[in-house]
Asks: 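Below is one structure. I have some questions about it.
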Amino acid sequence: MTYPDTKNKGKGESGGQSAKLSPKEDFSQWYHELLMTGEIIDNRYPVKGMCVWFPFGFAIKKNVYGIIRQLLDPDHQETLFPLMIPENEFMKEAQHIKGFEEEVYWVTCGGTTPLEVKLALRPTSETAIYPMFKLWIRSHADMPLRIYQIVNTFRYETKHTRPLIRLREITSFKEAHTVHATWEEAAEQVEVAIKRYSEFYRRLAIPFLVSRRPSWDKFPGADYTTAIDVIMPDGKTLQVGTAHHLGSTFAKTYEITYEAEDGEQKLVNQTCYGISERCIAALISVHGDDKGLALPWEVAPVQVVIVPILLGDKEKVLEVCRDLLRILQQAGIRVELDTSDERPGAKFYKWEMKGVPIRLEVGPRDIEKGVVTVVRRDAEKLTLPREGLAQALVREAERLQAALYQRAEAFANSRIREVASIDEARAQTEAGVALVPWCEKEECGHQLEDLVEANMLGEPQYKSFSPAACAVCGKLTDKRTYMARQY
Ligand SMILES: Nc1ncnc2c1ncn2[C@@H]1O[C@H](COS(=O)(=O)NC(=O)[C@@H](N)CS)[C@@H](O)[C@H]1O
Ligand SMILES: [Zn+2]
């Protein structure tokens, strides 16, 4: 399948390569162009905030979400709830929790027949799932209950929409919902969720921040929200995962109780935690460079591409390449042999742009010496013997993983700085994250956001700090908040 616009896009008139776009120079243009030329997302669908997955992008997503399933399946059960939520159930949330009534889409008729009861398209599924939890939970024995689903959800976003980042149809919304007998057990589950998300982003070689959101920015109906944020190439942050302690708020609204030992009905405690395709936006943005995508081995649809250098005895070169293809396939590696009639240089450009972790070049001289030229996407070039090549490539893949993480970590660390004053925080959040002393009083928090003109990501988790003066009121505090501009 060819996508005419993507093939020609990215090349100048001469068919050469376009002026190299760099994520650090002009992130937004680089990002939008790469989604097209990298055949990830086609943003030309005629509904605002709704996009099409190209097959290559979809293959990346399948591998990425395969990791999420691997991390959740040992102690969660995957399931599926309906897309549409009856108004009476949805409005319970709107009355009690005032979360999503401004973001929800409604279905009001079937064909030409008006519906008795309007149906909401799930913006997230608490109001679809929790009436069923009321039926499912009877006693202690039914808990802990841990389910998740990976579905599309719909939010009438009024801010600027952006592919993968701010959508009106979120196509790959992984939402987990858990039920516990006590508040403490639910709190433990929030920690488990953050640990699984941390493992997930580490396997994508993506560094991240973990913060407790300020009370005014938690999930509607939650006791607290812990969020995972990634620093994007332009220094703004992207919220790529959230875990919410819901206490018994939804249990009250949906009357979810269990019979305790003493025979009385007790309200349950709940959590929910979600990741969307923003994780793909982070993967593309954090590792991408002026050559295009750079994909970690574990999620790359094509892990190794073989480019024959057709000089001298062409048939011999092709025969050796086909042999290599078979050996690597048998070793379980996702490998392609590019026998198209483009010049090798154009092939190098194409496969680098698509983020292929390792390229093999095989020419007559390599064959003479029984070796292969190996080019890792982070530009490491080496020569390896054909003997034992598959194992050697897996080792190179591990080195690439470490190199990608180190490159990303160095960038992220360069964009975080501890500051003491509001002016320093303003300067730092122009294109980065400021770590600001904050006494945790709400009015100081609101003043901080107003005067710094950036968002509070909240209190860094798993870190402690020495006393410093709150940047607003001067009170000594060992508390800090991250601040940044957010997508
Ligand atoms: N419009 C959107 N487009 C893409 N991703 C989004 C959008 N809105 C939220 N997300 C992502 O989805 C994650 C979960 O959304 S949420 O509102 O924070 N949490 C919930 O909906 C809870 N029910 C947990 S599943 C967010 O952390 C964010 O990464
Ligand atoms: Zn203060």
Side-chain angles (χ1 to χ4, degrees), residues 41 48-51 68 72 76 81 93 97 99-100 103-105 122-130 147-178 189-190 193-194 197 200-201 208 210-211 213-214 217-222 224-230 237-246 249-250 270-282 421-422 436-448 451 456-457 468-477 479-481 486-487:
I41 287 286
K48 179 179 161 66
M50 300 186 190
C51 307
I68 294 179
L72 292 180
H76 293 64
F81 282 77
E93 184 271 352
I97 292 148
F100 285 91
E103 292 189 32
V104 68
Y105 284 89
R122 60 187 167 218
T124 171
S125 300
E126 283 75 9
T127 59
I129 296 174
Y130 297 173
I147 60 143
Y148 73 94
Q149 63 178 3
I150 302 179
V151 291
N152 58 347
T153 56
F154 293 84
R155 299 187 181 193
Y156 185 62
E157 293 278 358
T158 47
K159 277 171 73 174
H160 181 63
T161 55
R162 204 187 291 268
L164 296 176
I165 288 176
R166 185 169 293 280
L167 299 161
R168 288 187 166 176
E169 176 178 7
I170 305 168
T171 67
S172 313
F173 190 74
K174 186 289 303 171
E175 51 178 324
H177 297 266
T178 71
Q189 189 64 43
V190 169
I194 294 300
Y197 284 4
F200 170 61
Y201 283 107
F208 53 87
V210 185
S211 315
R213 285 286 187 262
D217 190 30
K218 64 189 177 188
F219 179 71
Y224 61 82
T225 287
T226 302
I228 294 197
D229 296 293
V230 166
T237 59
L238 179 65
Q239 176 181 283
V240 292
T242 30
H244 314 290
H245 194 310
L246 303 180
T249 305
F250 284 91
Q270 294 174 264
T271 81
C272 62
Y273 32 101
I275 283 181
S276 76
E277 48 256 58
R278 284 187 176 177
C279 62
I280 309 292
S421 72
I422 285 168
V436 191
W438 171 44
C439 69
E440 293 200 323
K441 268 204 320 269
E442 185 158 344
E443 58 269 27
C444 286
H446 290 307
Q447 270 203 51
L448 262 179
L451 297 171
M456 284 176 75
L457 304 183
C470 171
V472 177
C473 70
K475 181 167 165 273
L476 262 191
T477 174
K479 295 295 181 187
R480 300 291 190 280
T481 180
Q486 286 182 298
Y487 273 96

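Position 1 is the first residue of the sequence; numbering continues from there. None of these values were measured; they are calculated from a predicted model. Remember, it's 1-based here, ligands and their atoms both numbered in the order they're listed.
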Asks: side-chain contact (heavy atoms from CB on, under 4.5 Å) for H177 and F250? Distances and angles first, verdict last.
Replies: CA-CA 12 Å; H177 297 266; F250 284 91; over 6 Å; no
Asks: Which of the atoms in ligand 1, numbered in the order shown and given with their element, are less than 4.0 Å from a heavy-atom of E126?
Replies: 22 (C), 23 (N)
Asks: Establish, from distance only, whether the side-chain atoms of E175 and S125 form a donor-acceptor pair under 3.5 Å.
Replies: yes
Asks: To check your reading of the model: name the closest protein heavy atom to atom 4 (C) of ligand 1, its residue, and the distance in Å.
Replies: I165 O, 3.4 Å
Asks: Under 4.0 Å from a heavy atom of C272: which atoms of ligand 1 are those, numbered in the order shown and with their elements?
Replies: 22 (C), 23 (N), 24 (C)
Asks: Can you tell which of A282, P123, A176, S276 gets a heavy atom nearest to atom 10 (N) of ligand 1?
Replies: S276
Asks: Inspect the contact between R278 and D229 and indicate whether a charged nitrogen and a carboxylate oxygen are less than 4.0 angstrom apart.
Replies: no
Asks: Would you mind telling me if ligand 1 is within reach of the side chain of I170, the backbone, both or neither, using heavy atoms under 4.0 Å?
Replies: side chain
Asks: If you compare all heavy atoms of E169 against all heavy atoms of E277, which two are closest, and at what distance to 0.1 Å?
Replies: O-OE2, 4.4 Å
Asks: Indicate whether the side chain of T178 and that of T271 have a donor and an acceptor atom separated by less than 3.5 Å.
Replies: yes
Asks: Can you spot which of K218, H244, R213, Q239 makes a side-chain hydrogen bond (donor to acceptor under 3.5 Å, both in side chains) with T225?
Replies: H244
Asks: Are any of the N or O atoms of E157 closer than 3.5 Å to those of ligand 1?
Replies: yes
Asks: Identify, for atom 26 (C) of ligand 1, the protein heavy atom at the shortest distance, and state residue, atom and that distance.
Replies: Q239 NE2, 3.3 Å
Asks: Is the contact between F173 and ligand 1 made by the side chain, the backbone, both, or neither, using heavy atoms and a 4.0 Å cut-off?
Replies: side chain
Asks: T477 and E440: side-chain donor and acceptor closer than 3.5 Å?
Replies: no
Asks: For atom 19 (N) of ligand 1, grab the closest protein heavy atom and report residue, atom and distance to one decimal in Å.
Replies: H244 NE2, 3.1 Å
Asks: Got a donor-acceptor contact below 3.5 angstrom from the K174 side chain to the Y273 backbone?
Replies: yes
Asks: If you count the atoms of ligand 1 from 1 in the order shown, which ones are under 4.0 Å from a heavy atom of T242?
Replies: 13 (C), 14 (C), 16 (S), 18 (O), 19 (N), 26 (C), 27 (O)
Asks: Rounded to 10°, how big is the angle at the Zn ion (ligand 2) from C444 SG to C473 SG?
Replies: 110°
Asks: Suppose we measure from atom 20 (C) of ligand 1 to each protein heavy atom; which comes out shortest, and what is that distance?
Replies: F219 CE1, 3.4 Å
Asks: Name the closest protein heavy atom to atom 3 (N) of ligand 1, giving the residue it belongs to and the distance to 0.1 Å.
Replies: L167 N, 3.0 Å
Asks: Go through ligand 1 atom by atom and flag the ones less than 4.0 Å from a non-hydrogen atom of E175.
Replies: 25 (S)
Asks: Which heavy atom of the protein is the closest neighbour of atom 17 (O) of ligand 1, given with residue, atom name and distance?
Replies: R155 NH1, 3.1 Å
Asks: Take I68 and Y148, measure what side-chain contact (heavy atoms from CB on, under 4.5 Å) needs, and give me the verdict at the end.
Replies: CA-CA 11 Å; I68 294 179; Y148 73 94; 5.6 Å; no
Asks: Counting from 1, what ligand 1 atoms have a heavy atom of R166 closer than 4.0 Å?
Replies: 3 (N)
Asks: Search all heavy atoms of I194 against all heavy atoms of A243 and return the closest pair with its distance.
Replies: CD1-CB, 3.9 Å
